[in-house]
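Take a look at the structure set out below.
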Amino acid sequence: MNKPIIATKLPLVGTTIFTVMSSMATEYKAINLSQGFPDFPVSEELISLVNKYMKLGYNQYAPMMGVKELREAISEKTLKLYNVNYHPDSEITVTSGGTEALFAAITAIVKAGDEVIVFEPAYDSYIPAIELNGGIPVCISLKYPDYKIDWNEVRNNISLKTKLIIINTPHNPTGAVLSENDLKELTNIVQNTNIFLIGDEVYEHIIFDSLKHHSLMTVPELQQRSFIISSFGKTFHVTGWKTGYCVAPKQLTTEFRKIHQFLTFSTFTPLQYALAEFLKNPDNYNGVPAFYEKKRNTFLESIKSSKFTFVPSKGSYFQNLCYSAISDEPDTDIAIRLTKEIGVASVPISVFYKDKTDEKILRFCFAKEDETLLKAGEKLSKL
Ligand code: PMP
Ligand code: GLN
């Protein structure tokens, strides 16, 4: 009997690095600074609110676009922070995490043969989502240590087929953030074109050293062509709750929702009501940058006598460390060795490049209890 054989749609894709490294951390009982997630408790108030709405009976499907109260709260927050008005009914969609929003936005825009500009190292869901839609990723490399975008290179890579540019600020896995000047450069490139933008801004509240988050929505020329994506998982330290949202002008949101309604249809209902109430108090997100800046500093202080070199992360909850003074092993090998022998798991940066560029850099997540960070720092300093 012939068994059917699947012709894979993603021949170059294996299991994501986050799953691989987290599983290895568990197996070897290593401190897990690989996959990005906090290890500290979630706000009791937020947990009580979810509980409250469950008990009140909000346990059936939410509206496809998200509950009205939450869309209104997102609209108010966006207006307050960035002075941009998105209509809750037609321009805001609640999603099951930033990942779903990315997939829906890419699918709404990309057709077979379209080119999409992606900056590498790139968050690992972008390229598979582009390819599943028949799109062609056009990768532009950002280089250690500052990972700045060379806008001339972007200009040189634009073609008549360029449909979309994906921007991620603050950036995972490098901790780089875009400046106001970067937005000006981007504006010069896309104005008078039909190019769309995705602003992956899931770390909008995790930015340091008094830097300002420059959202794509703050420049009208960019805003009118952008899907801007955020994640409550990041902002409120609840990555396992998988809730996020996408704001985009009406015409873009209409297409986005056509995809979203058949991907997940809607998102966990009681959580949406809870988030709507929690967002009413801006202190719940205004304190996030200082909170994580302290964590970054604790981690950097803990490795200051080590042989690692680094540029302090400007945003996201990741710090990259260069190990070239310690070893010339490939980054994937040393990441495995440190997990097994030293007991600290990290993520090798080469996996975020299509051509596996290896600059001897490892990514460490510092969204952890101070005690966890100090213990990891002590182990890493022994190398
Ligand atoms: N984009 C980036 C850059 C991320 O780091 C993450 C977090 N994994 C996501 C999107 C997805 O966010 P979520 O966990 O809300 O799906
Ligand atoms: N965003 C997280 C990271 O970069 C992990 C997301 C995931 O596990 N899919 O580590």
Side-chain angles (χ1 to χ4, degrees), residues 13-26 31-39 42 66 70 74 93-106 118-130 142 147 166-178 197-207 213 215-216 227-247 260 263-264 267-268 271-272 275 292 313-320 335 339 345-353 361-368:
V13 171
T15 302
T16 122
I17 188 69
F18 308 122
T19 302
V20 171
M21 292 312 299
S22 273
S23 307
M24 198 176 289
T26 307
I31 299 173
N32 189 1
L33 305 191
S34 63
Q35 190 179 19
F37 63 89
D39 73 345
V42 174
L70 181 54
I74 293 167
T93 311
V94 179
T95 61
S96 298
T99 311
E100 194 230 332
L102 282 165
F103 197 89
I106 290 168
V118 174
F119 298 97
E120 291 189 317
Y123 184 61
D124 72 345
S125 81
Y126 301 163
I127 289 178
I130 294 164
L142 308 177
Y147 297 104
I166 303 182
I167 298 285
N168 173 210
T169 184
H171 187 263
N172 176 13
T174 70
V177 302
L178 288 198
L197 301 169
I198 288 179
D200 179 346
E201 303 184 9
V202 298
Y203 298 103
E204 62 176 317
H205 296 293
I206 311 185
I207 185 158
H213 170 57
S215 172
L216 299 192
F227 297 84
I228 293 170
I229 292 166
S230 192
S231 168
F232 293 116
K234 311 290 177 189
T235 303
F236 296 134
H237 325 303
V238 289
T239 61
W241 291 6
K242 292 299 284 188
T243 35
Y245 59 90
C246 175
V247 299
H260 160 75
L263 267 180
T264 56
T267 297
F268 189 43
L271 184 50
Q272 293 193 50
L275 285 167
Y292 277 118
S313 168
K314 295 190 174 81
S316 80
Y317 40 49
F318 303 109
Q319 176 65 52
N320 285 350
T339 307
S346 58
V347 170
I349 293 297
S350 66
V351 303
F352 299 111
Y353 289 94
I361 314 291
L362 297 173
R363 188 196 82 172
F364 294 83
C365 172
F366 54 79
K368 304 292 168 187

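Start at 1 and go down the list; that is how both ligands and their atoms are numbered.
- Atoms of ligand 2 lying under 4.0 Å from any heavy atom of F318, numbered from 1 in the order shown and given with element: 3 (C), 4 (O), 10 (O).
- In this structure, P348 and I17 have side chains that are in contact, with non-hydrogen atoms separated by less than 4.5 Å.
- In terms of N/O distances under 3.5 Å, ligand 2 is not approached by S34.
- When each of T267, T99, T95 is tested with K242 by the rule side-chain contact (heavy atoms from CB on, under 4.5 Å), just one qualifies, namely T99.
- Annotation: cation-pi pair K234/F37 absent, no NZ/CZ under 6.0 Å from the ring centroid and within 45° of its normal.
- In terms of polar-atom proximity, G98 is counted as a contact of ligand 1, with an N or O under 3.5 Å from an N or O of the ligand.
- No side-chain heavy atom of V13 sits under 4.5 Å from any side-chain heavy atom of D124.
- Taking only non-hydrogen atoms, the option from N172, V347, L33, T19 nearest to atom 4 (O) of ligand 2 is N172.
- Every N/O-N/O distance between T243 and ligand 1 stays at or above 3.5 Å.
- Taking the side chain as every heavy atom from C-beta outward, L70 and Y245 never approach each other to under 4.5 Å.
- Residue-ligand proximity: F37 is placed with every non-hydrogen atom at 4.0 Å or more from ligand 2.
- For Y203, every heavy-atom contact with ligand 1 shorter than 4.0 Å involves the side chain, none the backbone.
- Of the polar atoms of S96, none of the N or O atoms is found under 3.5 Å from an N or O of ligand 1, judged by distance alone.
- Proximity of K234 to ligand 1 is established by a heavy-atom distance of less than 4.0 Å.
- For ligand 2, the polar-atom distance check against F18 finds no nitrogen or oxygen pair separated by under 3.5 Å.
- Not a single heavy atom of I229 sits closer than 4.0 Å to an atom of ligand 1.
- Contact annotation for K242 and ligand 1: only side-chain heavy atoms (C-beta onward) come within less than 4.0 Å of the ligand.
- Proximity of T16 to ligand 2 is not established, as no heavy-atom distance is less than 4.0 Å.
- Using a 4.5 Å heavy-atom threshold, the side chains of T174 and F119 count as separate.
- Proximity of T99 to ligand 1, defined as any heavy-atom pair under 4.0 Å, is shared by backbone and side chain alike.
- Annotation: side chain of Y292 is not in contact with side chain of Y203 (no heavy-atom distance under 4.5 Å).
- I361 places none of its side-chain heavy atoms less than 4.5 Å from the side chain of F352.
- Side-chain N or O atoms of N320 include one that pairs as donor or acceptor with a backbone N or O of P173 at under 3.5 Å.
- Contact annotation for T239 and ligand 1: no heavy atom of the residue comes within less than 4.0 Å of the ligand.
- For the pair K234 and ligand 2, a heavy-atom separation below 4.0 Å is found.
- Under 4.0 Å from ligand 1, not a single heavy atom of E100 appears.
- Within ligand 2, the atoms closer than 4.0 Å to a non-hydrogen atom of Q35 are 5 (C), 7 (C), 8 (O), 10 (O), numbered from 1 in the order shown.
- Within the 4.0 Å heavy-atom criterion, the part of N168 lying near ligand 1 is the side chain and not the backbone.
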